[in-house]
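To keep things clear, I will list the structure first and then write my remarks on it.
Chain A is the first sequence line, chain B the second, and so forth, proteins listed ahead of strands; every chain is numbered from 1. Basis for what follows: all heavy atoms, side chains included, without hydrogens, waters or symmetry-related copies.
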Amino acid sequence: MAKIKFKKSDDFFVQVYEVTRLIPYGRVTSYGAIARFLGHSRASRMVGYAMNNAHTQVPPVPAHRVVNRNGQLSGKHHFATPTEMQELLEMEGIKVKNDTVVNFHLHYWEPATMLEDLE
DNA sequence: ACTTTGACTATAA
DNA sequence: GTTATAGCCAAAG
């Protein structure tokens, strides 16, 4: 371990950050999926809360790949610019229409499912 | 220690 | 299909 030093109270946040970094290029996931993967299936709000500090973490967390279960860019307003999140997604080949990911289910990536499928 | 808040989700109408 | 309400858990004030 001993990769990055975090405060003890940030333990849960750290897990969120690491999972978020595992999201492949051109894929997106939901807060609930990350929360479920961490064993806190009902702490989905905390995932978003953790993302609030994401921009202070290193390496940077691809928070733009995390949307709500409806595929909406619920956190776009928390980026440097309201359009940054959408542009980042489109840059990865994901189309965004009306603050919502088009064909969200096609780009959806769930950590738990993927990890189980690996074996 | 208590209250408020929040980048959510599931259920009900 | 949408809108409204409740539950949820942890951090911040």
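- Under the side-chain contact (heavy atoms from CB on, under 4.5 Å) criterion, A:Asn52 pairs with A:His78, not counting sequence neighbours.
- Between the side chain of A:Ser44 and the backbone N or O of A:Tyr31 there is no donor-acceptor pair closer than 3.5 Å.
- Panel note: side chain A:Asn53, backbone A:Thr56; no donor-acceptor pair is recorded below 3.5 Å.
- Screening residues 80-95 of chain A for side-chain hydrogen bond (donor to acceptor under 3.5 Å, both in side chains), with sequence neighbours left out, gives A:His64-A:Glu92, A:Arg65-A:Glu92, A:Gln86-A:Glu90.
- Distance CE/A:Met51 to CZ/A:Phe13: 10.0 Å, rounded to 0.5 Å.
- Heavy-atom distances under 4.0 Å link DNA chain C to A:Arg42, A:Arg45, A:Met46, A:Tyr49 of residues 41-49 of chain A, given in residue order.
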### Query
Taking it one step at a time, do A:Val101 and A:Leu73 satisfy side chain to side chain contact (heavy atoms under 4.5 Å, CB included)?
CA-CA 8 Å; A:Val101 176; A:Leu73 280 54; 3.8 Å; yes
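- The backbone N or O of A:Thr100 sits nowhere less than 3.5 Å from a side-chain atom of A:Asn98 that would complete a donor-acceptor pair.
- Among the atoms of the strands shown, only primed sugar atoms or phosphate atoms (P, OP1, OP2) are found under 4.0 Å from some heavy atom of A:His40.
- Residue-level contact check: A:Asn68 touches the backbone only, with heavy atoms under 4.0 Å from sugar-phosphate atoms and none from bases.
- Contacts with DNA chain C (heavy atom under 4.0 Å) in residues 29-36 of chain A: none are found.
- From A:Ile23, atom CD1 reaches atom OH of A:Tyr108 across 10.0 Å, with rounding to the nearest 0.5 Å.
- Going from atom CD1 of A:Ile94 over to atom OH of A:Tyr25 covers 8.5 Å, rounded to the nearest 0.5 Å.
- Scored by the side chain to side chain donor-acceptor pair (under 3.5 Å) test, A:Asn103 finds no partners at all (sequence neighbours excluded).
- Contacts of A:Ala50 with the nucleic acid, taken as non-hydrogen atoms under 4.0 Å apart, are absent.
- First and last contacting nucleotides of DNA chain B toward chain A (any atom under 4.0 angstrom from a heavy atom, 5' to 3' order): B:dG6 to B:dA10.
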